[in-house]
Amino acid sequence: MAKVSIIGAGQTGATTAHFLATREIADVVLVDIVEGMPQGKGLDLAEAMPVIGSDTEIVGTNDFGPTAGSEVVVVTAGLPRKPGMSRDDLLEANTRIVKTSIESALEHSPDAIFIMLTNPLDAMSYVAMKVGDLPRERVIGQAGILDSARMRAFVAMELGVSVQNIHCYVLGGHGDDMVPLTRHSNVAGVPLTRALSVESLDAIVERTRKGGGEIVGLLKTGSAFYAPAAALAQMVEAILKDRNLIVPASVYLQGEYGQEGIFFGVPAQLGRKGLVKVIEYDLNNEEQAALKASADHVRETIEALKL
Ligand code: APR
C-alpha cells in the first residue's frame with residue numbers, strides 16, 4: 001500500500017489518519033513533537049483495524065525516519081486558532097513550524113506531494129513551496145473542499161435534500177472574504193439562486209464564510225477537525241488513485257484568474273502527479289471583484305512572511 005505521512009498528530013492529523021486507515025487508502029505514519037502521543041494514537045488506531053477489517057499499517061513517531069519514501073505528506077503541524085483569533089494571527093509561529101516540517105519531510109521523501117492544512121493556509125502553502133523549492137504541482141492546500149462542504153451542509157439542512165445532490169463551489173483565499181459562488185452552485189442541476197430565497201442564500205453565504213469561526217467559538221479550545229480531515233483524506237485519495245478529481249483547492253497561480261505569485265482557492269484537478277490543471281470559470285464582474293479583494297488579502301499575508 002502507498003505510504004502517507006501526516007506531520008502533526010493533533011486533532012486534524014489523527015482524524016485524517018483515521019479516515020485514511022478505515023478506508024484503506026494508504027499506510028499512515030503519524031509524526032508529532034509531543035513525546036509518546038503519535039505513538040499512542042498510532043497504536044490505538046492499529047488496534048482498531050482488526051475490528052474494522054482494514055489491513056492498513058499505522059505507526060506514530062517523533063522522528064522523520066519512518067516517513068521515508070512517503071508518496072504524499074500531509075502537513076497539519078502548527079497552532080490552531082483560539083476564540084477571537086484570525087487565521088492570520090498564526091502567521092509567525094506556524095511559518096517556523098511549517099518550515100522545519102517541510103525540510104525534515106523532504107530529507108526522507110524527496111519526491112513527495114505535499115498537502116497543506118496549517119493556517120493561514122494560503123500563506124503556509126506558499127512557505128512550503130518556497131522552502132522546499134518545489135514545483136507548483138507538488139504543493140496543494142486544503143481549504144476549498146472544506147468551505148464548500150460547509151456550504152453544502154447548510155444548503156442540505158435548509159432544503160432537506162441529500163448532501164449528494166448539492167454541489168457548491170467556494171473559491172478564493174481561506175479567510176472570511178472567501179467567495180461562495182452561488183451562481184455556479186446547484187441542487188441536482190437547479191441553480192442555488194433558484195432553489196433558495198435571496199434571504200436564505202445570503203444567510204448561507206455568510207455562515208459559510210464564518211464557518212470556521214463558528215466552530216472555534218463553540219469548541220473554545222481549538223478549531224474544526226472532522227470536516228478538515230475528511231477533506232484531506234479526499235485529496236490524498238484523489239492523488240494516490242490518480243482520479244483526476246476536480247475540487248476547490250489552494251494552488252499557486254501563474255496567471256489563472258488574473259493572478260500570479262499567490263496560493264489561492266480555485267477549482268483544481270488532482271491526479272497522481274498532484275496538480276494536473278487549474279479549471280477557469282466564466283465569472284461576472286461582481287464575482288471577479290470579490291475574488292480580487294480576497295486575492296489582495298492573501299497577497300498581503302504572503303508579503304508579510306519572513307522566510
Ligand atoms: N512538528 C510536528 N508536529 C508539530 C510541530 C512540529 N514542529 N509543532 C507543532 N506540532 C503539532 C502539535 O504538537 C499538535 O499535536 O501539531 C499538532 C497540531 O494539532 P492541534 O493542536 O490539535 O491542531 P489542529 O486542530 O489539528 O489544527 C492544526 O490546522 O486548521 C489548521 O489552524 C489550524 O494551523 C492549525 C492546524
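Atoms within each ligand, like the ligands themselves, are counted from 1 in listed order.
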Which one holds for M37 and ligand 1: side chain close, backbone close, both close, or neither close, with close meaning a heavy atom under 4.0 Å? side chain
Proximal candidate to atom 18 (C) of ligand 1 [heavy atom criterion; set S223, A77, A143, G78]: G78
Is the backbone N or O of G36 less than 3.5 Å from a side-chain atom of Q39, with the two atoms forming a donor-acceptor pair by type? yes
Give a yes/no verdict on whether any heavy atom in M124 is under 4.0 Å from an atom of ligand 1. no
So, taking the atom named CD1 in I7 and the one named OG in S104, what distance separates them when rounded to the nearest 0.5 Å? 8.0 Å
How about S5 and T67: does a side-chain donor come under 3.5 Å of a side-chain acceptor? no
If only side-chain N and O atoms count, and only distance matters, is there a donor-acceptor pair under 3.5 Å linking E35 with N62? no
In terms of side-chain geometry, is the basic nitrogen of R272 or E71 positioned less than 4.0 Å from the acidic oxygen of its partner? yes
Closest approach of any protein heavy atom to atom 35 (C) of ligand 1, naming residue and atom: L79 O, 3.4 Å
Distance filter under 4.0 Å to L90 heavy atoms, resulting ligand 1 atoms: 32 (O)
How close does the nearest protein non-hydrogen atom get to atom 27 (O) of ligand 1, and which residue and atom is it? T12 OG1, 3.7 Å
Suppose we measure from atom 22 (O) of ligand 1 to each protein heavy atom; which comes out shortest, and what is that distance? Q11 N, 2.8 Å
Give the residue and atom name of whichever protein heavy atom lies nearest to atom 29 (O) of ligand 1, and the separation in Å to one decimal. L117 CD2, 3.3 Å
Quick one: nearest non-hydrogen protein atom to atom 7 (N) of ligand 1, plus distance? I97 CG2, 3.7 Å
With a 4.0 Å cut-off on N to O distance, would you call R138 and D111 a salt bridge? no
Atoms of ligand 1 under 4.0 Å from any heavy atom of V34, numbered from 1 in the order shown, are 13 (O)
For atom 19 (O) of ligand 1, find the nearest protein heavy atom and state the residue, atom name and distance (0.1 Å precision). G10 CA, 3.3 Å
Quick check: does any side chain N or O of N165 sit under 3.5 Å from a backbone N or O of A188, one acting as donor and the other as acceptor? no
Out of T16, I33, T76, N62, whose heavy atom sits nearest atom 2 (C) of ligand 1? I33
Residues E214 and K210 bridged, charged N to O under 4.0 Å: no
For atom 23 (O) of ligand 1, what's the nearest protein heavy atom and its distance? P80 CG, 3.6 Å
N or O contact, D32 vs ligand 1, cut-off under 3.5 Å: yes
Distance filter under 4.0 Å to N94 heavy atoms, resulting ligand 1 atoms: 34 (O)
Please classify the N119 to ligand 1 contact at 4.0 Å (heavy-atom distances, strictly less than): side chain, backbone, both or neither. both
